[in-house]
Amino acid sequence: MQATETLLTFPCDFPIKVMGKNVPTFAQHICDLICRHAPDFDPASLEIRASSKANYIGLTATIRAHSRTQLDDLYRALTAHPLVKIVL
């Protein structure tokens with residue numbers, strides 16, 4: 001398979017999991033960043049879970065992905081954010 005090929009058929013619903021420090025503004029920062037790359041994302045659909053000791057927070061955002069480039073750009077932006085620890 002070439003590097004430009006993908007197993008996804010676009011457009012498609014694509015879940016993105018983001019984990020980071022549990023600070024009051026984390027979810028809002030991540031929603032804002034996601035909306036820049038996926039303007040049709042509904043922040044009300046964001047799933048939020050705290051870790052067992054509540055030191056970290058996990059977010060699941062399901063976006064409507066329109067291209068591999070869109071996903072790659074979003075992943076780069078999320079992983080570069082200073083509050084984000086892991087993006088899956």
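In this structure, Tyr75 belongs to a hydrophobic cluster whose other members, linked by side-chain heavy atoms under 4.5 Å apart, are Leu8, Phe10, Phe14, Ile16, Val18, Val23, Phe26, Ile30, Leu33, Ile34, Phe41, Leu46, Ile48, Ile57, Leu59, Ile63, Leu71, Leu74, Leu78, Leu83, Val84, Val87. Counting side-chain heavy-atom gaps under 4.5 Å among Ile, Leu, Val, Met, Phe, Trp and Tyr, the cluster of Leu88 also holds Met19, Ile86.
By the side-chain hydrogen bond (donor to acceptor under 3.5 Å, both in side chains) test, Asp73 pairs with Arg76, sequence neighbours left out. Scored by the side-chain contact (heavy atoms from CB on, under 4.5 Å) test, Thr9 finds no partners at all (sequence neighbours excluded). The side-chain hydrogen bond (donor to acceptor under 3.5 Å, both in side chains) check on Asp13 picks up Arg64, with sequence neighbours excluded. The side-chain hydrogen bond (donor to acceptor under 3.5 Å, both in side chains) search around His29 returns Thr25, not counting sequence neighbours.
Across every non-hydrogen atom of Asn22 and Ala54, the tightest pair is ND2-O, 3.1 Å. Nearest heavy atoms, Ala77 versus His37: CB-NE2, 3.5 Å.
Sorted by first then second residue, the salt bridge (Lys or Arg N to Asp or Glu O under 4.0 Å) pairs that include residues 39-52, not counting sequence neighbours, are Glu47-Arg49. Pairs of residues two or more places apart, or lying in two chains, never qualify as ring-ring contact (aromatic ring centres under 6.0 Å, His included) while including a residue from residues 44-72. Sorted by first and then second residue, the salt bridge (Lys or Arg N to Asp or Glu O under 4.0 Å) pairs with a member in residues 22-34 form an empty list; sequence neighbours excluded.
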